[in-house]
Amino acid sequence: MDWYFSCRFFIFISAKKLSDSLAWKLAGIFLLGALQGALGWYMVQSGLVDNPRVSHFRLIAHLGLALLIFFP
């Protein structure tokens, strides 16, 4: 999803189809999505070692970031 978004984003930026304020807002959305994906990967990866459990701190951080994205 982020790859598709970033390709289109850079196409529109290079064609000067986006205003500066909209470009910054979209870049922020992209970074929040990338952070959510990285945090989700870190959360799942930590449970794949010897003990297949996820830390409740990592789970609440992932949920908190999702809520921050959904309810700005």
Side-chain angles (χ1 to χ4, degrees):
M1 184 76 177
D2 278 343
W3 179 253
Y4 181 78
F5 176 84
S6 63
C7 287
R8 300 293 186 236
F9 178 69
F10 289 121
I11 289 171
F12 280 111
I13 288 289
S14 64
K16 305 277 190 212
K17 298 287 185 183
L18 298 175
S19 66
D20 288 340
S21 64
L22 181 60
W24 282 109
K25 289 176 187 177
L26 290 174
I29 290 172
F30 172 73
L31 289 176
L32 284 174
L35 183 61
Q36 180 73 6
L39 188 59
W41 175 84
Y42 175 67
M43 179 186 68
V44 170
Q45 181 265 342
S46 67
L48 295 177
V49 185
D50 293 329
N51 194 2
R53 295 190 180 140
V54 176
S55 168
H56 58 281
F57 293 114
R58 293 179 184 157
L59 187 61
I60 197 66
H62 189 63
L63 177 64
L65 184 58
L67 291 175
L68 178 72
I69 292 170
F70 192 71
F71 298 112

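Everything numeric in this text was worked out from a predicted model, so none of it was measured. Just so you know, these numbers use all the heavy atoms, side chains as well, and skip hydrogens, waters and symmetry mates.
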Is there a path from [X] to [Y] through hydrophobic residues (I, L, V, M, F, W, Y) whose side chains come within less than 4.5 Å of each other?
X: Leu35; Y: Leu68; result: yes
X: Val54; Y: Val44; result: yes
X: Leu26; Y: Phe10; result: yes

In chain order, what residues pass the side-chain hydrogen bond (donor to acceptor under 3.5 Å, both in side chains) check against Gln36, with sequence neighbours excluded?
His62

Would you compute the distance between atom [atom1] of [X] and atom [atom2] of [Y] and round it to the nearest 0.5 angstrom?
X: Leu63; Y: Met43; atom1: CG; atom2: CE; answer: 9.5 Å
X: Ile60; Y: Leu67; atom1: CD1; atom2: CG; answer: 8.0 Å
X: Leu39; Y: Leu65; atom1: CG; atom2: CG; answer: 6.0 Å
X: Gln45; Y: Arg58; atom1: CD; atom2: CZ; answer: 8.0 Å
X: Ser6; Y: Leu31; atom1: OG; atom2: CG; answer: 11.0 Å

Give the minimum heavy-atom separation between Ile13 and Leu18, together with the two atoms involved.
CD1-CD1, 4.0 Å

